[in-house]
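See below for the structure under consideration.
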Amino acid sequence: QVQLVESGGGLVQAGGSLRLSCAASGRTFSNYAIGWFRQAPGKEREFVTAINWSGAATSYSDSVKGRFTISRDNAKNTVYLQMNSLKPEDTAVYFCAASSSRHIASSRAPFYAYWGQGTQVTVSS
C-alpha cells in the first residue's frame, strides 16, 4: 500500500495563494492516480481535483477550475496543488488520496483506497 502525507496548509487572506503537497511513500508512486478532496465544517467531503499517473489527464470541480492547478513529480513521489485567488469558501481540510487505477483521474471518493490525514486551509475575508 501507499502512505500519503499532506503539507502546505495555513492561513491566507482572500485573493492569496497556497501550494499544497502530497508526499507518498511505500509502493511505486507512478502506479497511482491522485485526487484532492476537501471537507469544510458541517459539510460533506467534496472533490477538488485529480490527476492520473502520468499527469496527462486531470479533472477539476467547477468551483476551483481556473484557480487551482494540480501537478505531479513522480521522481519526487509528490503531487502538488497550486491554489490561487483563494476565497473564504475554500476554507476546509484538504485531503489527498491514491487509487491504483492509475489511468483515470476520478472525481469519486470511493475510487480512492488510500487517504492522507489532511491539512487545514483557512482563507480570511
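What you are looking at is a predicted structure, and each value in this text was computed from that prediction instead of being measured.
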Taking it one step at a time, do Y32 and S100 satisfy side chain to side chain contact (heavy atoms under 4.5 Å, CB included)? CA-CA 5 Å; Y32 297 90; S100 58; 4.1 Å; yes
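Judged by distance alone, the side chain of T49 and the main-chain N or O of S59 form a donor-acceptor pair under 3.5 Å. Under a 3.5 Å cut-off, the side chain of S21 and the backbone N or O of A23 do not form any donor-acceptor pair. Checked by atom type and distance alone, the side chain of R19 never pairs as donor or acceptor with a backbone atom of G8 at under 3.5 Å. Between the N74 side chain and the S54 main chain, no donor and acceptor come within less than 3.5 Å of each other.
With a 4.5 Å cut-off on side-chain heavy atoms, S63 and R38 count as touching. Using a 4.5 Å cut-off on side-chain heavy atoms (C-beta onward), W36 and I51 make no contact.
Follow the hydrophobic side-chain contacts under 4.5 Å out from F47 and you never reach F68; the two are in separate clusters. Hydrophobic clustering, with ILVMFWY side chains joined whenever heavy atoms are under 4.5 angstrom apart, keeps V93 apart from I34. L20 and Y114 fall within a single hydrophobic cluster, where Ile, Leu, Val, Met, Phe, Trp and Tyr are joined by side-chain heavy atoms under 4.5 Å apart, directly or via other members. Following chains of ILVMFWY side-chain contacts shorter than 4.5 Å, one can reach V64 starting from M83, so the two form part of one hydrophobic cluster. Cluster annotation: F95 and Y80 are assigned to distinct hydrophobic clusters (Ile/Leu/Val/Met/Phe/Trp/Tyr, side-chain heavy-atom contacts under 4.5 Å, transitive).
Note that CD of Q13 is 9.5 Å distant from OG of S125, once rounded to the nearest 0.5 Å. Rounded to the nearest 0.5 angstrom, S99 OG and N52 CG are separated by 11.0 Å.
We find that D62 and K65 are joined by a salt bridge, their nearest charged nitrogen and carboxylate oxygen being less than 4.0 Å apart.
Of all heavy-atom pairs spanning A50 and S106, the tightest one is CB-O, 3.5 Å. Residues Q82 and N84 come closest through the heavy atom pair NE2-OD1, 2.9 Å. Across all non-hydrogen atoms, the minimal contact from Q117 to E6 is N-OE1, 3.1 Å. Residues A33 and R72 come closest through the heavy atom pair CA-NH1, 4.1 Å. Across A105 and A57, no two heavy atoms sit closer than the pair CB-O, 3.8 Å. Taking both residues in full, the closest heavy atoms of T91 and V123 are given as OG1-N, 2.9 Å, listed atom of the first, atom of the second, then distance.
Applying the disulfide bond (SG atoms under 2.5 Å apart) test to residues at least two apart or on different chains, the pairs with a partner in residues 1-107 are C22-C96.
Among the candidates Y94, W115, F111, the single residue satisfying the ring-ring contact (aromatic ring centres under 6.0 Å, His included) test with F37 is W115.
For A24, the side-chain contact (heavy atoms from CB on, under 4.5 Å) test picks out V2, L4, F29, with sequence neighbours left out.
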